[in-house]
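First the structure, in the form of structure tokens, and then the observations on it.
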Amino acid sequence: MNKPLPWWLRPWVRVTAGLIFLILLGGAVGGIYLTQQTPQQPIQFPHSFHVGAGIPCLYCHPGAQWGPVAGLPTTQKCWGCHQQVAKTKTSPELQKLVAYVEKNEGIPWVPVFIQPDFVHFNHRPHVAAGVACETCHGDMTKVTVAEAKPRQNMGWCLDCHSKQPQEKWTRLSDCSTCHY
Amino acid sequence: MAAEVKPIANTLHTPSEEHEELREQLMFDPRPREELNRMVLDSMTHTTPRYWTAVGVLTVLVLTLLLGMWGYLIFTGIGISGERRPNYWGIFIVTFVFWIGISHAGTFVSAILRVFKAEFRRPFTRAAELMTTFGLAAGALWPLIHLGRVWVFYWMIPYPNARWLWPNFRSPLVWDLLAITTYLLSSTIYLFLPLLPDLAMARDRTTGWRHAIYRALALGWRGTEAEWARLRKAISIFAFAIIPVMFSVHTIVSWDFAMGMVGGWNSTIFGPYFIIGAILSGVSAVITILVVLRATLKNMTYFIRPEHIDALGKLVLVFSMAWAYFFFNDYLVQWYGGHDVVRALLSFHASGPDAWIWYCMLLFNIVIPWLTLWNKKLRRTPWVMLVVTLLINVGMYFERYTIIPLTLGHQRMPFDWGEYSPRFPEISLALGSLCLFMLLYLLASRLIPMVPVWEVREGQEAHLVRKVGKTVVPTVSELD
Amino acid sequence: MSDTISRRNFLKLTGLGAAGAALTGCGKAARYVTRRPYYDMPEYGALGESTYFATTCGECPAGCGLIMRTFEGRAIKAEGNPQHPVNMGKLCSRGLVGVQGLYNPDRIKGPGRRAQRGHDQVTALDWNAALDVVKQALGGGQKVAFFLGLSPDHIADLTAELAQAIGAPAPVRYGALGMFDGRAGLAEACRQVFGEARLPYFDLAGADLVISFGANFLETWLSPVAYTRGYSQFRRSAATGKRRGYFISLEARRSLTSGVADEWYPVAPGSEGLAALALGRLLAERGWALPLDASAVDVDAAAQAAGMTRAQLEHLADLASQAAHPLFIPGGNALAHAGGLAAARSILALNLAAGALGQPGGLYLSPAAADSSSLRDVQALVDRMRTGQVETLFIHGVNPVFELPPALGFTEALSNVKQVISFASFPDETALQSDYLLPDHTPLESWGYQRTLAGADRPVYSAQQPVVVPLYDTRSSADVLLSAGLLPYSDEVDFIQKKIAPLITQGGNVQATEIATFWARFLQSGGWWPVQAALAAPSAPAGLEAAAPQAAAAPEGQFHLVTYPTQMGDGRGANRPWLQETPNPSTTVVWNTWVEINPATADALGLKNDDIVKVKSSAGEVEAAVYRFPAIRPDTVAIPFGQGHTALGRWAEGRGANPALLLAPALNEAGDLAFGDTLVTLTPTGRRRPLAKLESTAGVYGEH
Amino acid sequence: MAEQIKEQVNERWGMVIDMNLCTGCNACVTACAMENNIPWVGEDDAGYGRGIYWMRIQRYWEGEYPETTPSYQPVMCQQCGHAPCEPVCPVFATVHSEEEQINLQVYNRCIGTRYCANNCPYFARSFNWFDYSYQIPEPLNYYLNPNVTVRRRGVMEKCTFCVQRIHAGQEQAKAQGRAVRDGEVVPACAQACPADAIIFGDLSDPNSRVSQAARSQRSYTLLEALGTEPKVIYLKGEGTYGG
Amino acid sequence: MARRIIHLALFKEDQVDETAEALEALRGMGIVDRDISVISGTPFSEKMLGRPMTWTRVPIIAIAGAVVGFLVAAFLNFGTPLLYPIRVGGMALQTIPTSFVIFFELTMLGLLISTFIGVFVESISPSYGPAGYDPRISDGQIGVLFWAPPELDPKLHETLTGLGAEIIHGTETKKLWLF
């Protein structure tokens with residue numbers, strides 16, 4: 001007997017349901033992917049080259065040693081070296097820097113390592129405690145444009161904090177250390 | 001309808017006059033199993049336009065009043081409710097306690113009566129257990145609705161996260177979560193286990209999608225001796241274990257309040273007080289439901305007799321008295337203790353702008369039951385019982401209202417005294433959860449055998465004539 | 001000016017959009033906010049470190065010193081300047097919410113020309129065109145008039161010079177706060193008693209007994225932060241080794257100040273002078289040398305008129321005669337009567353008799369002459385406007401359409417002025433009636449100075465400097481006025497530097513030999529002041545006449561009206577949402593206007609809390625909700641000032657009622673508005689509108 | 001440098017409020033709001049009891065006219081040692097800081113049960129009924145303090161003793177290799193208070209100004225009978241000032 | 001092993017006594033209890049039909065579940081506070097009075113869930129008795145399923161029909177559940 005298929009078995013229902021599912025899944029995946037993407041920078045700054053040239057991190061990000069924010073280099077800081085670098089005149093990427101200098105504008109760097117609003121991070125104690133930059137920011141000799149290290153979440157922070165001596169743990173696990 | 005079916009007079013004992021009343025209550029006019037099966041299945045498959053209208057209306061109401069409003073609440077904020085400083089808890093928690101209370105009696109009636117082998121329980125245990133499950137389903141929504149950030153409610157669930165930060169097991173709310181989860185799961189299982197033979201029965205007599213559902217749910221039930229033995233064992237474990245769980249649930253709900261520092265809440269008798277209140281409201285709700293089922297569901301006049309309602313009515317009367325005792329106990333001690341805050345609070349309950357709630361609570365929970373339920377005739381009149389039990393539930397709702405927002409409003413700092421009045425979204429959500437309960441019940445009434453046929457039949461067969469010497473022993477419990 | 005400021009190296013921050021924008025929780029926009037950098041920003045400014053600037057609070061004329069915390073080019077938090085002699089690191093609510101003025105979204109964002117007065121439509125104007133308008137207008141000579149607010153002082157000095165240069169009448173300087181302070185009366189009384197028209201400064205810190213006659217010095221009077229500081233010292237004993245100060249207040253309504261008084265006497269409005277005179281007589285009997293002859297005063301009658309008993313006055317006299325450093329403070333409410341000047345004189349004379357002049361715990365005279373005008377001058381200006389003698393009116397720092405009693409006719413007279421040029425930063429009522437809007441910077445964006453008149457024991461030049469780059473296309477009014485080239489100053493900063501240059505030689509906290517260094521240090525420390533307390537001691541009195549003002553009791557069915565400014569100040573605070581939400585100290589009401597009525601009176605009138613009542617005087621009427629205020633005379637009602645705006649942006653508009661509508665333009669001898677003599681009737685409207693308040697509305701004070 | 005810094009910091013922050021000096025002017029309330037990014041809620045919600053005040057001045061009237069006297073009681077989170085709000089939170093969103101010995105509210109952990117607010121006998125907690133801070137129009141949000149989290153709807157908040165200032169002070173002291181000085185850390189309310197009625201400091205240091213004031217015979221704590229061990233101490237009544 | 005034919009003898013619902021007799025008769029014919037299973041729509045105890053006691057693991061599973069629940073509770077109560085120690089309200093990290101609540105709830109949860117799991121697992125696990133089913137069982141009829149050698153067929157038939165049973169030879173083992 002050729003019974004009509006129940007509605008949930010009909011092809012168009014299944015195709016539609018499948019499509020809706022795929023769209024939702026795609027949206028979710030895409031949304032998550034977009035938030036995890038490394039942002040576009042105004043200048044494709046090659047960290048690997050600069051670090052390889054022996055420039056210490058704190059030269060361009062000096063705030064890390066005395067305050068909460070490491071800071072992004074100003075146009076002047078770049079220009080301080082680059083006006084003496086021959087390549088500045090030839091490299092198309094560096095022409096952008098020249099343009100900023102000529103316009104007397106800052107370079108609109110996009111900060112990459114950003115903690116959420118409710119997390120208050122301070123570089124100084126970490127630098128003072130001897131934490132190397134690459135512990136959190138990755139090995140910059142292998143990175144050109146800065147990339148966000150994924151999953152810098154609270155568990156990641158605590159992983160390191162919990163390895164500290166016991167007497168520090170009270171402070172390092174205190175909620176108000178980061179959240180207020 | 002029932003009159004069409006003739007009793008199998010040749011095989012079964014004809015009741016003598018003096019036992020007739022008792023026997024009717026115990027359904028001592030037995031009918032063959034086949035007949036009972038047919039009647040129950042008939043009630044499940046028989047739908048009228050009125051039924052579909054009710055389902056449609058309730059579905060729309062649930063979608064708008066409950067789900068729509070909840071969505072709106074989530075997207076705008078708890079502020080659309082009437083809560084404010086200092087009444088941080090309002091209708092949300094009142095309704096939560098109300099539903100948890102309702103959900104108590106289902107299990108209470110079923111498990112306690114099962115444990116005590118009270119024979120009259122048989123036809124309505126299923127209806128009561130369903131009430132428990134759906135009452136819990138409606139109630140368990142409320143802590144979620146109440147949350148300021150419901151999208152992270154799972155932080156209350158104990159699971160290992162990257163931070164090794166677990167819930168606070170010293171918080172009564174976590175106890176609540178565990179207790180309600182336990183109770184919801186166990187009461188659902190407790191509903192399901194005795195349902196197995198009936199599902200198998202339904203499986204054998206249906207086709208199409210119903211058959212598919214029942215086949216899946218009946219777990220291949222055949223009725224072998226091993227299966228029956230297993231079932232008996234499991235049911236008796238449940239009947240004994242679920243009673244303390246049930247008591248713990250409402251005790252823990254009461255601890256949400258009693259553990260606090262709020263004047264008027266910090267009371268050691270809140271646990272039993274809440275339990276008694278819950279059972280009072282729950283048994284009343286069972287009666288309400290039975291009356292409604294009897295009037296609306298096909299063939300139910302055979303299974304649910306005024307005598308059942310009568311017996312439950314006696315229970316309600318007893319619990320109304322017990323509730324009054326606990327209420328007085330709580331009130332007197334708090335009043336006599338003489339703390340200024342509490343005294344001001346108690347006089348606020350009785351004389352504040354919302355005093356009518358307090359008086360209605362006493363009227364509905366004490367005066368009306370005491371005036372009506374001593375009378376057997378009234379107890380056997382379904383519509384009277386419907387009215388009385390509905391009023392008791394309103395009264396119990398008022399009790400929770402008095403305990404929660406009205407008490408929160410008058411605490412230790414008069415500068416921060418406040419009044420609470422629910423706003424439309426809260427009322428809508430509360431009505432929506434009532435609609436959800438009714439909708440679930442309506443749907444279940446057409447999906448699940450509302451009468452545990454095998455239990456009824458078991459009872460009836462157990463009453464087959466047993467001669468002990470020269471007398472006839474009518475009940476199994478006496479036989480044991 | 002803009003050239004000067006470019007050194008400040010700030011850039012407005014638009015990209016980061018503050019924490020608010022970074023709140024979405026997830027998504028690209030939140031995680032990777034594009035930060036627009038501040039080029040030439042000193043590096044520390046880009047490193048998440050706050051930068052602090054000393055400046056002067058512009059929210060009221062008291063001139064408290066501020067330390068503004070800025071962060072990445074944004075002004076974050078106003079903190080008090082601990083060095084500043086006026087506030088010593090302390091601040092009041094008004095100063096604290098100054099940033100909500102700076103970043104107010106309703107600010108006027110650029111110059112414009114209004115198509116029609118009273119209408120919203122404004123066509124944007126180029127600053128060059130605007131400057132031409134000003135230049136042309138200034139050519140009008142004596143047909144030009146300036147109406148200025150009480151702050152800042154450098155604009156006043158500049159306009160005074162400018163007026164002189166073009167032959168225009170001297171600028172009129174007036175504001176609601178001055179009106180409520182009774183400034184003109186106070187200065188005039190000082191002139192009569194001490195020979196110099198200056199504002200007095202009462203050294204609360206050194207006193208051991210203070211009797212206040214209607215002075216709300218803890219809330220708004222003259223320099224509330226300075227007086228609260230003084231009050232705090234007055235109440236302590238350890239610091240001075242003396243016993244805790246004792247404070248008595250005579251006021252019809254228990255204001256914030258009277259609220260902390262040890263004794264409060266609800267005297268009838270207008271009878272303060274009489275009470276002071278009677279007290280004087282009793283003190284004279286106790287051996288005080290009163291500079292005026294009070295022997296004619298009938299103490300019993302005076303006590304009765306004031307609503308006191310003789311025993312109470314005797315008690316006050318006993319306390320005063322036993323005190324080592326008694327102070328008698330004549331406050332705004334005592335001065336705002338027909339006999340206000342006489343009252344002030346009587347009260348100041350008590351200080352004189354106590355011998356508390358020019359020493360700790362006594363009375364000083366402020367160094368500078370009180371340069372605010374009296375309402376009489378305003379009335380003269382209104383007359384000139386009405387008769388068409390004013391072609392161009394420049395308005396700066398004041399909102400006369402709102403602040404002045406409409407009965408004075410300012411708004412009507414405005415229609416006879418050919419062009420009105422407003423420098424307002426906010427679209428206030430007066431700006432709405434102006435033809436040209438040439439918005440000035442808000443105080444936190446501008447240069448300037450304020451001479452402290454009555455809040456410190458020394459002369460103070462409080463420095464004002466921009467803490468952020470101007471947010472919008474606004475321009476300093478001083479620069480605008482100087483652009484006409486009529487004065488020998490290149491720009492605002494040049495003007496200010498020339499004005500403060502004489503201070504270099506006077507020593508003080510800022511030491512420098514030439515103006516550049518002096519200027520830098522002047523800005524850095526927040527102003528100039530002598531290191532030591534240095535105020536003139538008042539001189540001996542001339543013969544004083546003892547005029548006993550007759551206080552009239554309110555006729556049956558009518559009530560005295562007390563109008564007092566709240567944290568809204570002269571009304572400009574109404575567009576600061578947090579000032580609106582800060583509870584009024586006495587009533588805890590927020591966001592609205594209320595009428596304070598004694599509960600007994602309210603019962604007699606059948607009024608409950610939140611009932612809307614119509615308050616009617618000879619000049620006008622307003623409606624507001626009733627607040628049953630237990631500490632007010634039964635024959636008096638009080639309405640706070642500051643609300644009832646018809647303009648001034650989203651948070652101020654259409655909120656509450658403006659009691660100025662009720663004030664008749666009756667002046668007293670000193671030229672002050674005798675607003676305390678206003679009589680009103682109350683008519684219940686039958687409507688209700690619950691007042692928003694912080695205190696419990698449930699059953700604490702009787703009503704459920 | 002790092003070696004010199006004492007790792008164990010044992011401050012016990014406390015506050016003394018002298019009620020004889022408090023004039024009830026509400027400057028502290030405003031200062032608190034401006035420092036801590038507290039949003040305003042508007043007339044309707046404020047009137048409805050949704051105003052967010054980390055501290056508020058309770059004004060009570062005493063006596064009959066004409067002896068009607070207001071009494072002003074500034075009340076903020078009392079930073080209880082035995083805080084009733086803490087154990088009831090199911091998710092540890094309000095916890096006791098071992099480090100600062102104060103009560104913490106972790107906004108990002110809060111799920112909004114509002115249990116803590118019920119259980120606070122001082123009513124010191126405010127709930128974000130709506131996204132109030134989210135509604136702050138541009139550019140008014142420019143003044144928001146970057147050191148304080150801007151709260152969104154559905155979370156509880158309360159006075160933190162300006163913990164961001166405490167941290168900044170400790171951080172600065174540490175960077176300079178010294179201990180925090182008395183008076184170096186002040187919360188916004190104490191900083192603004194024109195009457196200087198609020199003293200803040202380290203109660204564990206017997207010589208600090210706040211400790212000396214707390215030992216005064218005039219001192220009392222709010223709702224002392226509840227045993228919450230508040231860190232806010234009030235001074236009232238006659239007696240010599242300062243102990 | 002050769003496929004044995006399953007026989008099903010159906011008795012009316014009131015023929016309990018006859019069923020018992022039939023079982024007795026079957027045993028007399030040399031069919032062991034293991035090869036017989038009784039299916040019924042109403043629970044009859046083994047005693048009533050003279051059958052050997054059946055044996056179930058449900059109670060043991062239930063107790064095992066309760067023990068697991070207890071251990072989980074112990075971990076949550078006393079283990080988790082150590083993982084991230086947070087102090088609240090001046091209480092100790094691990095409080096005994098509050099732990100009773102958790103212990104109780106989780107033990108009960110373990111007990112009840114595992115009871116169900118026991119029932120479920122035993123229900124769907126294969127049974128060794130003769131399979132077979134007839135929908136009439138759920139009408140209250142009593143079925144006796146048994147394997148019998150073909151040579152007994154006539155005898156069986158005679159005996160069982162004599163007791164009033166309806167005999168179905170070689171009942172098919174219908175699939176009653178999903179798998």
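Everything numeric here is computed off the predicted structure, so don't read it as measured data.
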Could you pull out the closest heavy-atom pair between [X] and [Y], with the gap in Å?
X	Y	result
E:Glu105	B:Ile252	OE2-CD1, 3.4 Å
B:Phe169	E:Leu76	CD1-O, 3.3 Å
B:Arg205	E:Ser138	NH1-OG, 2.7 Å
B:Ile237	E:Pro59	CD1-CA, 4.2 Å

Greatest number of heavy atom pairs closer than 4.5 Å to chain B - which of [options]:
options	answer
E:Leu83, E:Thr80, E:Thr115, E:Ile142	E:Thr80
E:Thr95, E:Thr56, E:Leu106, E:Leu112	E:Leu112
E:Leu111, E:Ile137, E:Val88, E:Val72	E:Val88

[X], part contacting chain E, at a heavy-atom distance under 4.5 Å:
X	answer
B:Pro158	side chain
B:Pro160	neither
B:Tyr190	neither
B:Asp198	neither

Please determine whether side chain to side chain contact (heavy atoms under 4.5 Å, CB included) holds for the pair B:Leu178 and E:Leu109, giving the CA-CA distance in whole Å, both sets of side-chain angles, and the decisive distance to 0.1 Å. CA-CA 9 Å; B:Leu178 290 175; E:Leu109 184 64; 5.8 Å; no
Pi-cation contact, E:Tyr133 with B:Arg203 (under 6.0 Å, within 45°):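 Yes, B:Arg203 sits over the ring of E:Tyr133.
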Are E:Met108 and B:Ser186 packed together at the side-chain level, in the sense that at least one heavy-atom pair is separated by less than 4.5 angstrom?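 Sidechains of B:Ser186 and E:Met108: no contact.
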E:Phe104 vs B:Trp175, test: ring pair (Phe, Tyr, Trp, His ring centres under 6.0 Å). Steps then yes/no. CA-CA 10 Å; E:Phe104 176 78; B:Trp175 307 344; over 10 Å; no
With chain E as the partner, which of B:Glu227, B:Arg232, B:Glu34, B:Arg230 has the greatest number of non-hydrogen pairs under 4.5 Å?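 Sorted descending by pairs with chain E, the first entry is B:Arg230.
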For chain E, which of B:Met259, B:Arg170, B:Met201, B:Lys233 has the most heavy-atom pairs under 4.5 Å?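 Ranked by heavy-atom pairs under 4.5 Å with chain E, first place is B:Arg170.
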Measuring heavy-atom distances to chain B, does E:Val101 have an atom under 4.5 Å in its side chain, in its backbone, in both, or in neither?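 Contact with chain B involves the side chain of E:Val101 alone.
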Less than 4.5 Å to any heavy atom of chain B: does that hold for the side chain of E:Ala73, its backbone, both, or neither?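 Nothing of E:Ala73, per the 4.5 Å heavy-atom cut-off to chain B.
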For [X], does the [atom1] atom have more than 12 heavy-atom neighbours from other residues, nucleotides or ligands under 6.0 Å away?
X	atom1	value
B:Phe240	CZ	no
E:Leu82	CG	yes
E:Phe75	CZ	yes

Test B:Leu165 against E:Ile86 for side chain to side chain contact (heavy atoms under 4.5 Å, CB included), laying out the working first. CA-CA 9 Å; B:Leu165 191 57; E:Ile86 294 179; 3.4 Å; yes
